[in-house]
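All remarks here apply to the structure that follows.
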Amino acid sequence: MVLKLSTLFLRTLREDPVEAEVDSHKLLVRAGYIRRAAPGIYTWLPLGLKVLARVEAIVREEMNAIGAQEVHFPALLPREPYEQTGRWTEYGEGLFRLKDRKGADYLLAPTHEEMFTLLVKDLYSSYKDLPAYLYQIQNKYRDEARPRAGLLRGREFIMKDSYSFNIDDEGLDEAYVAHRGAYVRIFERLGLEVVPVFAQAGAMGGSKSEEFLHPTAVGEDTFVRSPGGYAANVEAVTTVVPDAIDFSDAAAFEVLDTPDTPTIETLVEAANQLRPRAEGQWTAADTLKNVVVAVIDPEGNRHVVVIGIPGDRQVDLKRAEATIGLALEINGEVAVEAANAEDLAKHPELIAGYIGPGNGLDQQVLGTEASSGIIYLVDPRIVSGTSWITGANEKGKHVFGLVAERDFSFDGTIESVKVREGDPAPDGSGPLRTERGIEMGHIFQLGRKYAASLDLKVLDKNGKLSVVTMGSYGIGVTRAVAALAEAYHDDNGLAWPKQVAPADIHIVVTGKGEELLVAADNLAKEFEAKGMEVIFDDRPKVSAGVKFSDAELIGVPTIVVVGRGLADGVVEVKDRATGERRDVAVTDVVEELTA
RNA sequence: CGGGCUAUGGCGCAGCUUGGUAGCGCGCCUGACUGGGGGUCAGGAGGCCGUGGGUUCAAAUCCCGCUAGCCCGACCA
């Protein structure tokens with residue numbers, strides 16, 4: 001196909017759109033690929049649609065290759081299925097809701113688990129029908145509190161979502177592996193570097209979950225990786241637990257007056273004055289900080305919990321949120337926030353700045369079995385035999401040399417500490433580094449949550465009804481277009497990898513002779529006959545400079561210039577990405593570029 | 001939801017402090033020149049200055065309310 005710029009629906013902009021912050025957004029708008037229709041909602045123009053179609057084609061091919069079958073659901077859905085799984089309310093403000101003329105509730109689908117589950121339930125009823133892998137490429141709607149960065153986080157976006165249905169866990173594992181393989185191939189073919197990271201499946205119940213993150217400075221997710229290849233979402237990092245220390249000849253603890261030391265900083269200073277030690281100054285890492293948090297269960301009840309962590313560390317509420325539900329034996333999603341004044345007022349035994357587990361096992365304050373009855377969880381680094389400076393539960397007093405398991409106990413450990421650059425990877429593969437990334441895909445084993453709540457059961461070998469187990473797998477297709485634009489551009493514009501470019505060849509004709517136009521037009525037709533997509537800049541009365549700039553902005557991988565060289569029988573071939581240019585005989589150029 | 005900023009032709013902006021009937025660049029139209037890096041000249045079209053109210057002889061400009069958008073943060077299967 002030949003797209004003539006004289007008639008193509010396109011207007012390139014010389015200036016960056018004022019609302020755009022990130023390069024991909026600026027360039028996609030400037031080069032005429034997309035237009036903003038509303039916050040986080042974009043119109044696709046002809047060039048943008050070409051790229052989108054090519055990305056989708058790659059996704060389809062790889063999904064079909066693992067035996068997945070494409071279907072297409074409506075984006076406009078009735079309330080009932082989402083009511084059954086509880087998501088009509090759980091989704092909260094993020095859901096676009098609307099009513100029909102009769103006043104019945106509808107929604108614009110934020111994701112389609114319910115509909116896929118019901119579709120399989122509708123048509124299948126035997127284990128012999130399984131496994132089934134179904135997918136669609138479709139619009140999703142989420143009323144994001146703050147859409148940003150153009151296509152990277154929109155309110156309407158295109159997602160490839162697929163779901164696997166199996167009778168047993170082994171089948172689910174196979175489905176997961178198959179999808180994982182397809183994802184690796186999809187991103188490789190797109191030319192998008194991705195790092196599969198372990199993700200926290202959370203209270204959703206799914207056992208296995210990985211996110212495919214594309215490392216980039218404009219990414220919204222933070223993840224960590226090690227030189228040895230470990231990669232994980234910060235929520236999912238596990239701490240390397242030190243060995244227990246023998247405390248048989250450790251000195252007894254002592255309670256000291258430490259007036260006006262409500263912070264770790266002031267405490268460390270006081271410690272170095274009161275009890276200077278030979279092996280170097282006390283540091284924050286020698287103190288045990290006890291942070292009071294409130295855990296809010298799905299019913300909205302607040303549970304006060306104290307978390308003990310090394311004083312040089314900070315609590316990461318999101319990390320705590322991921323697992324604290326298990327520790328408290330609460331089912332469902334919980335929220336964790338810093339305790340407020342009201343929470344503290346209910347527990348007068350908690351003296352701000354001087355909270356500690358208690359002075360001795362027989363005088364333990366924190367813990368379900370102790371005097372306060374408050375659940376006490378600690379960081380996994382607080383192992384048996386470690387010795388701490390910590391609060392003595394009395395204003396102006398701290399206890400020194402309090403030894404874990406000898407002088408205090410706790411109800412359990414929790415991963416709640418902010419992961420730091422340089423922390424060791426859990427698999428021993430070296431120090432962790434934090435990086436930013438964009439989530440390009442997410443695969444996870446859903447298990448039986450949706451199948452159970454929507455009653456998707458099939459007869460098994462023994463003729464008994466059995467709940468189907470599911471996997472859910474998503475790729476952000478429009479986000480992939482943005483990520484590609486972000487990864488492949490320079491100061492002059494976009495520079496697409498050839499498999500996703502809106503065209504294969506961009507022909508520019510410069511000069512005003514009729515013979516130039518004829519020659520260029522013939523070349524365009526020859527390329528087209530070879531099955532190539534061609535953009536042909538045939539605009540009359542447009543200066544060469546404008547045409548070159550537009551070609552670079554649009555970013556087709558190969559630019560062919562038909563101009564002054566034609567008299568000598570040559571055209572210029574430019575590589576958009578490298579900037580390399582060379583003359584090629586007109587008679588050879590089609591052959592050479594289609595080889 | 002908290003904080004900051006903005007709203008003036010299609011786009012990017014100035015004008016507002018000190019009220020007097022709207023201007024610049026890009027883009028668009030016509031013509032001439034130019035013709036390998038966003039070229040030059042001449043002529044043109046296009047604006048209830050976000051919205052509602054107030055002050056005033058007079059409001060883009062001053063005052064009050066509202067709305068929308070952008071950025072940072074919170075949030076984001």
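This is a predicted model, so every value here is computed, not measured. Labels below follow one simple rule: chain letters A, B, ... track the order of the sequence lines, proteins then strands, and each chain is numbered from 1.
- H489(A) and S24(A) share no donor-acceptor pair across their side chains, judged by distance under 3.5 Å alone.
- In this pair, Y33(A) and W496(A) present their aromatic rings tilted. The plane angle is within the 30 to 60° band.
- Comparing G73(B), G38(B), G12(B) against the side chain of R148(A) picks out G73(B) as the nearest.
- N166(A) and T469(A) share no donor-acceptor pair across their side chains, judged by distance under 3.5 Å alone.
- Remark: U18(B) base-pairs with no nucleotide in the shown strands. Criterion, Watson-Crick or G-U wobble with two distances under 3.5 Å.
- Under the Watson-Crick or G-U wobble criterion, with both distances below 3.5 Å, G47(B) has no partner in any strand shown.
- Using modelled atom types and a 3.5 Å distance limit, the side chains of S162(A) and Y133(A) yield no donor-acceptor pair.
- Rounded to a whole angstrom, the distance from the P atom of A74(B) to that of G37(B) is 49 Å.
- Atom P of U40(B) sits at a distance of 32 Å from the matching atom of U21(B), rounded to the whole Å.
- Mapping T510(A) and S543(A) onto RNA chain B via the closest heavy atom, the residue that lands nearer the 5' end is T510(A).
- For E439(A), counting side-chain heavy atoms from C-beta on, the closest listed nucleotide (A77(B), C70(B), G12(B)) is A77(B).
- Checking C13(B) for Watson-Crick or G-U wobble geometry (two distances, each under 3.5 Å) identifies G23(B) as its partner.
- Taking 3.5 Å as the limit, the base of G37(B) and the side chain of R581(A) contain a donor-acceptor pair of atoms between them.
- If you take atom P in A22(B) and the same atom in U18(B), they sit 23 Å apart, rounded to whole Å.
- Between A14(B) and G23(B), the two C1' atoms lie 7 Å apart (nearest whole Å).
- Rounding to whole angstrom units, CG of residue L317(A) and P of G73(B) are separated by 17 Å.
- Per the geometry, CD1 belonging to I41(A) stands 14 Å off P belonging to A68(B), to the nearest Å.
- Under 3.5 Å, the side chain of R142(A) and the base of A77(B) form at least one donor-acceptor pair of N or O atoms.
- C28(B) atom C1' lies 15 Å from atom NZ of K541(A), rounded to whole Å.
- Side chain to side chain, E421(A) and T434(A) meet the donor-acceptor criterion of an N or O pair below 3.5 Å.
- Residues H214(A) and E193(A) bring no donor and acceptor atom of their side chains to less than 3.5 Å of each other.
- Side-chain atoms of E552(A) and base atoms of G37(B) include a donor and an acceptor less than 3.5 Å apart.
- With a cut-off of 3.5 Å on both pairing distances, the Watson-Crick or G-U wobble partner of G73(B) is C1(B).
- In this structure, of G38(B), C28(B), A77(B), it is G38(B) that holds the atom nearest to the side chain of V546(A).
- Residue K26(A) contributes atom NZ, which lies 16 Å from atom P of C70(B) at whole-angstrom precision.
- The side chain of D550(A) lies closest to G38(B) when the candidates are G36(B), G38(B), G12(B).
- Closest to the V561(A) side chain, of the nucleotides C13(B), G36(B), G73(B), is G36(B).
- In this structure, R14(A) does not reach the G12(B) phosphate: none of its side-chain N or O atoms is under 4.0 Å from OP1 or OP2.
- Summary of the strand contacts: E21(A) and M159(A) both lie near RNA chain B, and taking for each the nucleotide with the nearest heavy atom, the more 5' one is attributed to E21(A).
- Comparing atom distances between the F548(A) side chain and each of G25(B), C13(B), G36(B) picks out G36(B) as nearest.
- Phosphate contact (OP1/OP2 of C70(B), side-chain N/O of R36(A), threshold under 4.0 Å): present.
- When the nucleotides G35(B), G38(B), G27(B) are ranked by their closest atom to the side chain of K512(A), G35(B) comes out on top.
- I507(A) places its CD1 atom 17 Å from the C1' atom of G36(B), with the value rounded to the nearest Å.
- Interface remark: the K574(A) side chain does form a donor-acceptor pair with the G37(B) base, using a distance-only criterion of under 3.5 Å.
- Pair check for G37(B) finds none; no Watson-Crick or G-U wobble contact set falls under 3.5 Å.
- R97(A) forms a cation-pi arrangement with W88(A), by the criterion of a distance under 6.0 Å to the ring centre and an angle within 45° of the ring axis.
- One P atom belongs to G19(B), the other to U56(B), and the distance between them is 16 Å to the nearest Å.
- Rounding to whole angstrom units, CD of residue E15(A) and P of G25(B) are separated by 13 Å.
- Under the Watson-Crick or G-U wobble criterion, with both distances below 3.5 Å, U30(B) is paired with A42(B).
- Comparing G38(B), G69(B), G36(B) by their closest approach to the side chain of E572(A) singles out G36(B).
- Contact check on E113(A) versus R87(A) returns a salt bridge, with a Lys/Arg side-chain nitrogen under 4.0 Å from an Asp/Glu carboxylate oxygen.
- Following rounding to the nearest Å, D16(A) (CG) and C26(B) (C1') show an atom-to-atom distance of 13 Å.
- Rounded to a whole angstrom, the distance from the C1' atom of C26(B) to that of G9(B) is 13 Å.
- G52(B) is paired with C64(B) under the criterion used here, namely a Watson-Crick or G-U wobble arrangement in which both key atom distances are under 3.5 Å.
- As a whole-Å value, the separation of I559(A) CD1 from G37(B) C1' is 12 Å.
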